[in-house]
Colleague: 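This is the structure, below, for whatever I ask next.
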Amino acid sequence: MRVNIKPLSTNDAWRGRRFKTPQYKVFQEEMLCKLPPLELPPPPFHIKYKIGFSSKGSDLDNCFKQLNDCLSKKYGFNDNLIYQISAKKIIVPKGEEFIDFNIIPCYNL
């Protein structure tokens with residue numbers, strides 16, 4: 001089903017300037033340190049995520065922007081080169097949360 005409407009960006013959805021929270025700064029710093037070296041395929045990119053949450057109430061899509069920003073910062077690409085995202089939510093015990101990702105070429109243009 002298609003809805004003919006222009007998508008609303010996060011920047012247009014909020015008034016005023018948004019600032020990174022201290023929690024986000026800590027997450028970004030830890031994520032950038034833990035990301036392994038990686039050779040990227042040619043863009044555009046398809047990112048496949050498998051994300052382990054300890055809460056069934058966690059929304060799968062709420063973490064994409066932060067993850068994409070970390071990946072683009074670490075690997076030196078503009079996140080507008082991400083054309084496709086596939087994701088799966090996994091429920092895990094508290095303390096065993098994780099993020100698996102794979103960056104592959106996007107062939108479905």
Side-chain angles (χ1 to χ4, degrees):
M1 177 182 290
R2 177 175 291 199
V3 177
N4 292 319
I5 188 170
K6 181 180 177 183
L8 185 64
S9 74
T10 301
N11 294 333
D12 291 335
W14 302 96
R15 287 185 189 226
R17 204 158 167 202
R18 294 181 311 146
F19 297 92
K20 290 181 183 175
T21 64
Q23 185 179 7
Y24 179 53
K25 291 177 182 177
V26 169
F27 169 81
Q28 186 176 46
E29 185 177 315
E30 184 176 354
M31 184 77 169
L32 292 173
C33 287
K34 290 183 174 184
L35 285 169
L38 184 66
E39 191 169 319
L40 293 176
F45 304 121
H46 174 181
I47 300 183
K48 294 183 174 187
Y49 287 117
K50 185 164 58 170
I51 303 173
F53 291 102
S54 60
S55 170
K56 291 180 182 179
S58 296
D59 292 344
L60 177 60
D61 62 331
N62 278 350
C63 61
F64 293 158
K65 181 64 179 156
Q66 296 76 239
L67 293 175
N68 293 342
D69 286 348
C70 287
L71 293 177
S72 65
K73 186 171 187 168
K74 175 72 174 194
Y75 301 120
F77 67 90
N78 190 322
D79 62 356
N80 70 4
L81 294 172
I82 301 169
Y83 277 49
Q84 187 173 358
I85 295 174
S86 303
K88 183 175 184 178
K89 175 178 171 176
I90 308 290
I91 303 303
V92 298
K94 193 166 191 70
E96 295 181 25
E97 297 86 356
F98 67 88
I99 299 162
D100 284 344
F101 72 95
N102 192 10
I103 302 174
I104 61 174
C106 183
Y107 296 115
N108 300 334
L109 294 180

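Just so it is clear, the model here is predicted, and its values are computed rather than measured. Below, each value reflects all heavy atoms present in this structure, side chains not excepted, and no hydrogens, waters or symmetry copies.
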Colleague: Establish whether Val92 and Phe27 are linked, either directly or via other cluster members, by ILVMFWY side-chain heavy-atom contacts under 4.5 Å.
Modeller: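 No, no single cluster joins them.
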Colleague: Just to verify, what does Lys65 make a salt bridge (charged side-chain N to carboxylate O under 4.0 Å, His left out) with, not counting sequence neighbours?
Modeller: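 Lys65 satisfies salt bridge (charged side-chain N to carboxylate O under 4.0 Å, His left out) with Asp69, Asp79 only.
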Colleague: Considering only heavy atoms from C-beta outward, does the side chain of Ile85 approach that of Phe64 to under 4.5 Å?
Modeller: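 The answer is yes; the side chains approach within 4.5 Å.
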Colleague: Is the number of heavy atoms from other residues, nucleotides or ligands within 6.0 Å of CD (Glu97) greater than 12?
Modeller: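 Yes, CD of Glu97 has more than 12 neighbouring heavy atoms, counting only those of other groups under 6.0 Å.
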Colleague: Can you measure from CG (Leu71) to CD (Gln66) and round to the nearest 0.5 angstrom?
Modeller: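 It is 11.5 Å, given to the nearest 0.5 Å.
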Colleague: What I'd like to find out is whether the side chain of Asp100 reaches to under 4.5 Å of the side chain of Ile51, using heavy atoms alone.
Modeller: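 Side chain of Asp100 against side chain of Ile51, heavy atoms only: no contact under 4.5 Å found.
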Colleague: Could I get the full list of salt bridge (charged side-chain N to carboxylate O under 4.0 Å, His left out) partners for Lys56, not counting sequence neighbours?
Modeller: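 None.
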Colleague: If you draw a 6.0 Å radius around NZ in Lys73, do more than 12 non-hydrogen atoms from other residues or ligands fall strictly inside?
Modeller: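 Check fails, neighbour count at 12 or below.
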Colleague: Tell me if the aromatic rings of Tyr83 and Phe45 count as close, with their centers under 6.0 Å from one another.
Modeller: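 No: the rings miss the under 6.0 Å criterion.
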Colleague: Can you get from Leu35 to Val26 by hopping between Ile, Leu, Val, Met, Phe, Trp and Tyr side chains that sit under 4.5 Å apart?
Modeller: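 Cluster IDs for Leu35 and Val26 differ.
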Colleague: Determine whether Ile103 and Pro41 make a side-chain contact, defined as any pair of heavy atoms from C-beta on separated by less than 4.5 Å.
Modeller: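 In contact.
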Colleague: Nearest 0.5 Å, what's the CZ-NZ distance between Phe101 and Lys50?
Modeller: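 So the CZ of Phe101 and the NZ of Lys50 are separated by 13.5 Å.
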Colleague: Rounded at 0.5 Å granularity, tell me how far NE2 in His46 sits from NZ in Lys48.
Modeller: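 Going from NE2 on His46 over to NZ on Lys48, the span is 5.5 Å.
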Colleague: Could you tell me whether the side chain of Asn78 and the main chain of Asn80 form a donor-acceptor pair under 3.5 Å?
Modeller: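 Yes.
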Colleague: Output the distance between atom SG (Cys33) and atom NZ (Lys74), rounded to the nearest 0.5 Å.
Modeller: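 Spacing of SG (Cys33) from NZ (Lys74) equals 7.0 Å.
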Colleague: How long is the straight-line distance from NZ of Lys89 back to OG of Ser58, given to the nearest 0.5 Å?
Modeller: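 Here the interatomic distance stands at 6.0 Å.
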Colleague: If you group Ile, Leu, Val, Met, Phe, Trp and Tyr by side-chain heavy-atom gaps below 4.5 Å, do Ile82 and Tyr75 land in one group?
Modeller: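 Yes, it is one cluster - the side chains of Ile82 and Tyr75 are joined through contacts under 4.5 Å.
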Colleague: Would you give the length of the straight line joining atom CG of Leu81 to atom CG of Leu40, rounded to the nearest 0.5 angstrom?
Modeller: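 Here the interatomic distance stands at 10.0 Å.
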Colleague: Kindly determine whether Gln84 and Ile47 satisfy side chain to side chain contact (heavy atoms under 4.5 Å, CB included), including the steps that lead there.
Modeller: CA-CA 6 Å; Gln84 187 173 358; Ile47 300 183; over 6 Å; no
Colleague: Is the shortest heavy-atom distance from the side chain of Leu67 to the side chain of Tyr49 under 4.5 Å?
Modeller: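 The answer is yes, as the side chains (C-beta and beyond) meet within the 4.5 Å cut-off.
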Colleague: Looking just at side-chain N and O atoms, do Gln28 and Lys20 make a donor-acceptor pair shorter than 3.5 Å?
Modeller: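 Their side chains do contain a donor-acceptor pair, which is all the 3.5 Å distance test asks for.
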Colleague: Stepwise, does the salt bridge (Lys or Arg N to Asp or Glu O under 4.0 Å) test hold for Lys25 with Glu29?
Modeller: CA-CA 6 Å; Lys25 291 177 182 177; Glu29 185 177 315; over 6 Å; no
